[in-house]
Protein chains: 2
Amino acid sequence: MAVSHEYPENLDPRVEALVTEVIGRVADKWTMIVLEVLTEHGELRFSRLAQLAEGISQKMLTQTLRQMERDGLVIRTIHPVIPPKVEYRLTDLGFTLSEAFCGVWAWAAHNVDRIAEARRSFDSRNGN
Amino acid sequence: MAVSHEYPENLDPRVEALVTEVIGRVADKWTMIVLEVLTEHGELRFSRLAQLAEGISQKMLTQTLRQMERDGLVIRTIHPVIPPKVEYRLTDLGFTLSEAFCGVWAWAAHNVDRIAEARRSFDSRNGN
DNA sequence: CCGTATCCCTGGCGATACTG
DNA sequence: CAGTATCGCCAGGGATACGG
């Protein structure tokens with residue numbers, strides 16, 4: 001804590017744009033939650049994932065999983081049985097992203113109270 | 001890398017909901033970019049911030065800064081001069097969040113190529 | 001069971017114009 | 001300079017229905 005940190009420097013503005021695009025794609029609530037759930041539980045089927053990712057709609061879950069698969073974050077395995085069984089698990093790449101985001105979760109969990117307090121303070125300073 | 005990591009466990013589902021809300025609020029492209037810019041450059045005025053946060057509209061910058069101020073991530077200092085001069089800098093809390101997100105930037109910068117490759121592969125597997 | 005397809009509508013966001 | 005206010009668009013995402 002309070003240790004300095006440095007952001008990666010991109011000399012090439014095109015690369016920087018790509019990095020920003022990746023950030024925009026990946027820094028999304030549902031992506032983070034799916035990442036967390038898959039990290040905690042390992043391989044999961046679609047329906048189980050839908051339960052564990054509290055509040056997600058089927059559409060958003062499908063969409064999120066497709067994007068993550070496309071970006072090489074998850075592997076989708078179709079078991080040719082009836083009824084269909086499809087399982088999702090993280091790739092190594094997905095796992096490393098999960099590690100990175102884990103720090104953000106920890107930060108959030110550690111600071112919920114300070115944030116709530118800051119909000120109360122801000123709201124009372126400015127007309128309720 | 002490939003070292004295991006653990007997400008914070010929240011026994012209380014209400015706390016968990018709060019954490020998720022904070023994640024949803026904070027895991028946003030512009031918040032991440034403002035965090036990065038303020039970390040790199042220290043205290044900045046509004047107009048300079050607008051230049052450095054490539055592509056942001058004035059509206060989104062104002063909105064993002066207000067939310068961040070409300071959450072206790074930035075301090076807004078109004079210098080009573082003409083023309084007006086308003087400066088923004090990170091709080092300690094904002095700085096620790098910046099640290100956490102720094103890992104995600106590093107991840108993105110380090111893996112742009114793998115992601116681009118994964119996308120090409122995915123797109124060619126499924127009808128272009 | 002695991003999706004895709006369609007409808008529909010809210011709200012996020014840019015553009016523009018105006019104030020202290 | 002540093003905002004607020006207002007309008008208008010269209011994409012994100014829920015709900016529903018249907019297909020393999």
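Lettering follows sequence order; numbering is per chain, from 1. Because the structure is a prediction, the values reported are computed rather than measured.
Taking atom CD1 on A/I56 and atom P on D/dG14, their separation rounds to 8 Å, with Å as the unit. Here D/dG20 presents its C1' atom at 19 Å from NZ of A/K85, a figure rounded to the nearest Å. Per the geometry, CH2 belonging to B/W30 stands 10 Å off P belonging to C/dC13, to the nearest Å. When rounded to the nearest whole Å, the span between CD1 of B/I78 and C1' of D/dA2 equals 10 Å. Across the protein-nucleic acid pair, A/H79 atom NE2 and C/dG3 atom C1' stand 17 Å apart, rounded to whole Å. Between B/L44 atom CG and D/dG3 atom P there is a gap of 13 Å when expressed in whole angstrom units. Note: CG (A/L65) to P (C/dT4) measures 10 Å, nearest angstrom. As rounded to whole Å, 16 Å separates atom P of D/dC1 from atom CZ of B/R76.
In this model, no side-chain donor or acceptor of A/Q63 finds a partner on the base of D/dG13 within 3.5 Å. Looking at A/Q58, its side chain comes within 3.5 Å of the base of C/dG3 through a donor and an acceptor atom.
Between B/P84 and B/M60, it is B/M60 whose nearest contact on DNA chain C lies nearer the 5' terminus. Nearest-nucleotide positions on DNA chain C place A/K59 closer to the 5' end than the other of A/K59 and B/D28.
Applying the 4.0 Å criterion to OP1 and OP2 of C/dG3, one finds that A/Y88 has a side-chain N or O inside that range. Phosphate proximity of C/dC2 to A/S47: present, with a side-chain N or O under 4.0 Å from OP1 or OP2. Contact annotation: B/R45 does not reach the phosphate of D/dC1 (side-chain N/O to OP1 or OP2, under 4.0 Å).
Shown are B/R76, B/H79, B/R45; of these, the side chain to side chain contact (heavy atoms under 4.5 Å, CB included) with B/V86 is made only by B/R76.
Atom CG of B/N10 and atom OG1 of B/T20 lie 8.0 Å apart (nearest 0.5 Å). Taken from CZ in B/R119 to CZ in B/R114, the straight-line distance is 14.0 Å, to the nearest 0.5 Å.
Picking from C/dC2, C/dT4, C/dG14 the nucleotide with the shortest atom distance to the side chain of A/V86 gives C/dC2.
The number of heavy-atom neighbours closer than 6.0 Å to CD of A/Q51, taken from other residues, nucleotides and ligands shown, is above 12.
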| task | Would you please test B/L90 and B/E43 for side-chain contact (heavy atoms from CB on, under 4.5 Å) and show each step? | result | CA-CA 8 Å; B/L90 293 182; B/E43 197 166 38; over 6 Å; no
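Using a 4.0 Å heavy-atom cutoff across all strands shown, A/R48 reaches no nucleic acid atom at all.
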